[in-house]
Amino acid sequence: GHSAFNECTGLTSVTFPEGLTSIEEWAFFQCTGLTSVTFPEGLTSIEGGAFKGCTGLTSVTLPKGLNRLSKVLIDMKRVFAPNTKVEYWQ
C-alpha cells in the first residue's frame, strides 16, 4: 500500500508476485539499500514516488504493458531516483 516500505534502508531486494498489477505511491520511497527489483509481467501501474530516493537501485527492467498503461511513466524521475537506468522487456 501507500508508503508501505518507506525508508526501509535495510531492504536490499524485492521480487513481486505474479498477479500484482499496481505498486502504490511512495511504497519504497528512500529505500537506499534497495539494489534489485523484479517486476511481474502483469504489472500495469507504478504510482508516483514509488521508488524515488532508492539510490542503490541503478537499473530496472519494466514489463512492456506498463509503459503503455501508466501515466506516471511519462516522467521517470517522478518514480525512480535520477541515477536509475530504466529498460523494458522485449
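- Between Phe16 and Phe39, the angle of the ring planes stays under 30°, which puts this pair in the parallel group of the 30/60° scheme.
- Here the closest heavy-atom approach between residue Pro63 and residue Leu43 is recorded as CG-CB, 4.0 Å.
- Here the straight-line distance linking atom CD of Glu47 with atom CD1 of Ile23 works out to 9.5 Å at 0.5 Å rounding.
- Separation of atoms CG (Asn6) and CZ (Phe29) is listed at 6.5 Å; rounding is to 0.5 Å.
- Distance alone, capped at 3.5 Å, is enough to place a donor-acceptor pair between the Thr35 side chain and the Thr12 backbone.
- Between Ile46 and Leu62, the closest side-chain pair of non-hydrogen atoms falls below 4.5 Å.
- Phe28 and Cys54 make their closest contact through O-SG, 3.0 Å (heavy atoms, listed as atom of the first residue, atom of the second, distance).
- Listed for the Thr44 side chain is a donor-acceptor partner under 3.5 Å among the backbone atoms of Thr21.
- With a 4.5 Å cut-off on side-chain heavy atoms, Phe5 and Leu34 do not count as touching.
- Here the side chains of Ser3 and Glu25 are not in contact, with every heavy-atom distance at 4.5 Å or above.
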